[in-house]
> 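If you scroll down you'll find the structure; I have some questions about it.
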Amino acid sequence: MYCQVIVDIVHENVAKPFTYVIPDGMELSVGQRVAVPFGHREKEGVVVALTGETDIDAEKLRAVARPLEDWAAIPPELMALAGDMARESHCPMAETLRLMLPAQMRGGRVHEKTEKAARLVVSSEEALSAADAEKRSPKRAALLRLLSDGEEHSVRSLAEEVKDPSDALRKLAEQGLIELYDRESLRSPGGSWRETRDPGYTLTPDQREALDEILPCLAGKGGRFLLHGVTGSGKTEVFMAAVRETLAIGRSAIILVPEIALTPQMVSWFRGRFGPVAAVIHSRLSAGERYDEWRRIRRGEARVVIGARSAVFSPVNNLGMIVIDEEHESTYLNDRHPRYDTRDVAANRCAREKAVMILASATPSILSFAKARRGDYVLLEMPERVNRHPLPEVEVIDMRQELEGGNRSVLSGALSRALKECAARHEQAILLMNRRGYNSFVSCRSCGYVVKCPNCDISMTYHTNAADGLLRCHYCGSAVPPPEKCPACGSRYIKYFGAGTQKVEEEVRKLLPGVTTARMDYDTTGGKDGHGKILEEFRSGRARILIGTQMIAKGLDFPQVTLVGVVAADLALNLPDYRSRERAFQLFTQVAGRAGRGEKPGRVIIQTYKPEDPVIGFASRQDYRAFFESEFRRRRNSLYPPFTNLARILVESAREDEAEKKAKALEETVRAALGEHPAWQKKVITLLNEEPGVKFLRGKHRRHLLMKTLVSKETEEFFAFLTDLLEDTQSAEADAWLEVNPTTMI
Ligand code: ADP
Ligand code: ZN
Ligand code: ZN
């Protein structure tokens with residue numbers, strides 16, 4: 001017998017499987033990890049096929065050294081998925097197989113944890129009579145009685161009944177009454193489960209209707225749904241009910257959330273309702289805990305998995321459903337190699353395993369809603385909040401008038417008054433400021449010089465510390481003290497412009513002395529459980545006003561919040577990206593949805609210098625449909641995705657001339673190839689060799705070949721050609737890679 005093995009090294013020459021002999025007596029299956037000789041060393045690999053014969057000369061073949069586990073780490077469905085992903089994203093299967101395994105498993109970095117256990121090797125009657133006969137050692141007698149149930153007992157649990165049992169157990173083993181051995185023990189993260197088995201709410205008619213559409217597919221051949229429900233419509237309750245049904249029919253479910261740290265509520269609901277059958281995968285698990293959770297899933301002990309995008313690869317038994325909550329979030333796109341869109345991966349898995357996919361959002365992505373309209377997904381709508389609580393009232397404040405009226409603060413008169421009233425009523429408020437730091441940039445009044453990061457072509461942001469302040473780069477993290485004199489002209493007129501979360505917090509404290517605030521942004525959430533602590537401050541009511549970046553817009557459910565302020569809407573609207581309107585609409589609608597979720601009605605104030613912008617209008621009416629129609633039309637007219645692909649080859653080099661040289665050479669090759677393939681040429685609308693928006697980043701000079709193409713089979717061929725081209729022209733002087741519809745194009 002032979003097997004084909006993908007060896008775990010990523011190199012273009014070893015993308016193909018290698019054939020090995022299976023030694024007599026060794027049993028292997030597809031998906032199993034093995035150690036194989038490779039060159040002069042031993043490598044890890046995954047068995048992708050078993051064959052009875054091979055046309056390779058048997059003399060040349062080497063044998064598998066040993067299996068790494070005696071079970072298949074990757075189940076057949078995930079083997080197939082890894083194959084599809086490798087084909088579609090033009091990358092070696094060794095890379096996509098890595099996605100299917102916990103990182104800690106590779107290279108043998110984690111080991112199963114074992115514990116000592118004991119059990120009888122004689123009958124219960126014999127054990128009991130031996131216990132009665134045992135006059136010298138009451139310990140041994142007691143242990144025999146405990147073990148007489150015939151079950152296996154960990155030494156640890158025996159020690160709870162009988163003090164220091166080790167010597168006595170060893171003696172019993174010597175007498176041939178029991179055996180002592182090592183057994184695998186799983187670390188359980190998060191300690192013991194607070195298992196309330198909360199039965200959940202009685203569903204509202206909207207929730208019931210949505211669930212009734214899903215359930216028949218769950219028991220049958222699967223299906224794809226887009227659950228569009230306004231904020232507070234109770235979407236979570238719908239998929240928790242669907243999860244319960246999934247478990248009841250013996251299948252498993254995967255629930256994906258954008259960022260697990262920001263969804264503590266969801267996690268505790270799932271734990272409370274499903275107990276140990278739920279596994280939570282998050283970044284703060286230790287390597288060992290992560291591996292053990294994965295084992296629980298692989299063995300079928302955990303059948304509900306909650307996690308961020310990579311949990312889509314969980315090896316659950318008999319997959320019945322994948323839910324992608326807040327499906328519009330860009331965290332579902334993996335921009336690193338191998339690139340994937342979690343929604344596509346989930347769709348592939350669900351189709352293969354006849355499972356149900358549910359995408360859920362109050363503000364679905366343009367892409368997903370367009371698919372629902374085309375009939376690719378069944379659209380489920382929940383237009384009302386649970387208990388018919390109204391959506392909050394939204395007011396738009398024109399900041400130009402504030403300025404004319406002499407108000408230079410970041411807070412308008414209306415927002416200041418509303419904050420005061422809110423505090424006086426002992427209610428809570430959330431303020432969105434989509435930029436961290438104190439000031440946004442520092443510039444010279446005399447000559448206009450702007451302080452930029454030495455490693456990046458990006459202006460630096462002023463951050464206040466306890467004692468003093470530093471200028472920080474938000475791209476590479478470097479920090480410098482602010483200059484006292486202008487480095488360009490020597491002038492001392494250095495001014496700080498724009499505002500960030502720190503500045504907003506300071507102004508709020510000035511406005512409302514004695515009212516406790518909490519700030520949630522990248523700077524305050526760094527440590528272990530940083531998010532959790534801040535959210536707990538706010539949930540408990542100790543902090544009354546929460547100020548933060550877009551982090552605070554996600555899925556939080558605080559019934560005491562009656563006021564939400566968008567401090568600077570223009571920050572989101574003015575980003576140079578074709579998706580900025582979509583992102584701004586989502587952000588405003590989501591953050592507005594945090595208000596008025598409890599009994600008291602909510603109020604939302606959006607501050608902007610562009611009140612006439614249609615996106616502000618759609619967001620203030622919370623009219624998703626109207627926004628969708630307008631944005632869809634605009635994308636069609638201006639030829640943006642989903643009607644086209646925006647792709648680029650990004651070139652980076654430590655030397656500017658090398659970046660330019662490589663970009664030029666690639667451009668010529670690409671143009672020549674297009675000349676030879678008129679079918680490709682027809683699909684390429686533009687091809688530009690230019691400086692990207694940021695031409696120097698993290699110490700590298702950058703160029704890109706920017707391409708706009710139609711969506712077609714020929715385009716896919718063209719992209720495959722580009723991937724091969726980039727591999728063939730790899731060089732030490734400059735890096736180059738292809739990005740198709742990446743999350744950012746800076
Ligand atoms: P969404 O995710 O749609 O914004 P949530 O799932 O967070 O909404 O639900 C909003 C609130 O309504 C939560 O506090 C939830 O516990 C509550 N809720 C959900 N369904 C029901 C129901 N059927 N009856 C009563 N309360 C419900
Ligand atoms: Zn100057
Ligand atoms: Zn930088």
> Contact between Arg339 and Asn334 at the side-chain level, heavy atoms closer than 4.5 Å - yes or no?
no
> Counting only N and O atoms by type, is there a donor-acceptor contact under 3.5 Å from the side chain of Gln607 to the main-chain atoms of Ala569?
no
> State, without any angle test, whether Thr501 and Asp521 hold a side-chain donor-acceptor pair at a distance under 3.5 Å.
yes
> Can you tell me which residue among Thr331, Ile306, Thr342, Leu359 is in a side-chain contact (heavy atoms from CB on, under 4.5 Å) with Leu256?
Thr342
> State whether a side-chain donor-acceptor pair under 3.5 Å links Glu427 with Thr562.
yes
> Report, one line per pair, each donor and acceptor closer than 3.5 Å where one atom sits in a side chain of residues 509-516; sequence neighbours left out.
from, atom 1, to, atom 2, distance (Å)
Arg509, NE, Thr517, OG1, 3.1
Arg509, NH2, Glu505, OE2, 3.2
Arg509, NH2, Thr517, OG1, 3.3

> Please evaluate residues Leu535 and Met520 with respect to the criterion side chain to side chain contact (heavy atoms under 4.5 Å, CB included), reporting the C-alpha separation (whole Å), side-chain torsions for both, the decisive distance (0.1 Å), and the verdict.
CA-CA 8 Å; Leu535 292 177; Met520 186 152 120; 3.9 Å; yes
> Using 0.5 Å steps for rounding, measure from the NZ atom of Lys708 to the CZ atom of Phe643.
12.0 Å
> Assess the side chains of Ser653 and His701: does a donor N or O sit below 3.5 Å from an acceptor N or O?
no
> So, Thr589 and Gln622: side-chain donor and acceptor under 3.5 Å apart, yes or no?
no
> Cation-pi check for Phe369 against Arg625: NZ or CZ below 6.0 Å from the six-membered ring centre and within 45 degrees of the axis, yes or no?
no
> Does any part of the side chain of Arg583, heavy atoms only, come nearer than 4.5 Å to the side chain of Gln550, both counted from C-beta?
no
> Under a 4.0 Å N-O cut-off, is there an ion pair linking Arg343 with Glu327?
yes
> To the nearest 0.5 Å, what is the distance between OG (Ser630) and CZ (Phe618)?
4.0 Å
> Regarding Ser409 and Glu507, do their side chains bring together a donor and an acceptor under 3.5 Å, going by distance alone?
yes
> Run the side chain to side chain contact (heavy atoms under 4.5 Å, CB included) check on Met433 and Leu571 step by step: do they pass?
CA-CA 9 Å; Met433 179 69 202; Leu571 274 183; 3.8 Å; yes
> Please check if the number of heavy atoms outside Arg445 that lie under 6.0 Å from its CZ is greater than 12.
no
> Is there a donor in the side chain of Glu582 and an acceptor in the side chain of Gln586, or the other way round, less than 3.5 Å apart?
yes
> With a 4.0 Å cut-off on N to O distance, would you call Arg635 and Glu631 a salt bridge?
yes
> So how far is it from Phe632 CZ to Asn637 CG, rounded to the nearest 0.5 Å?
11.0 Å
> Before giving the answer on side chain to side chain contact (heavy atoms under 4.5 Å, CB included), spell out for Phe627 and Ile366 the whole-Å C-alpha distance, their side-chain angles and the decisive distance to 0.1 Å.
CA-CA 10 Å; Phe627 168 72; Ile366 297 289; 4.0 Å; yes
> By the definition salt bridge (Lys or Arg N to Asp or Glu O under 4.0 Å), identify the one residue from Lys695, Arg698, Arg702 that meets it with Glu652.
Arg702
> List the atom of Pro641, the atom of Leu646, and the distance in Å for their closest heavy-atom pair.
CD-CG, 3.9 Å
> Look up atom CD1 in Ile649 and atom CZ in Arg703, then write down how far apart they are to the nearest 0.5 Å.
13.5 Å
> Please determine, by modelled atom types, if Tyr438 and Glu506 share a side-chain donor-acceptor pair under 3.5 angstrom.
yes
> Verify the neighbour count for atom CZ of Phe497: are there more than 12 heavy atoms of other residues, nucleotides or ligands below 6.0 Å?
yes
> Go through the steps for Val480 and Leu470 under the test side chain to side chain contact (heavy atoms under 4.5 Å, CB included), then give the verdict.
CA-CA 6 Å; Val480 297; Leu470 284 176; over 6 Å; no
> Just checking, Lys235 and Phe239: is the charged tip under 6.0 Å from the six-membered ring centre and within 45° of the axis?
no
> With the threshold set at 4.0 Å, does a side-chain nitrogen-carboxylate oxygen contact exist between Arg603 and Glu395?
yes
> Picking from Leu431, Leu432, Ile534, what satisfies side-chain contact (heavy atoms from CB on, under 4.5 Å) with Leu546?
Ile534
> Does atom CD of Glu393 have more than 12 heavy-atom neighbours from other groups under 6.0 Å away?
no
> With the threshold set at 4.0 Å, does a side-chain nitrogen-carboxylate oxygen contact exist between Glu612 and Arg400?
yes
> Are Lys452 and Phe696 in a cation-pi setup, meaning NZ or CZ lies under 6.0 angstrom from the ring centre and within 45 degrees of the ring axis?
no
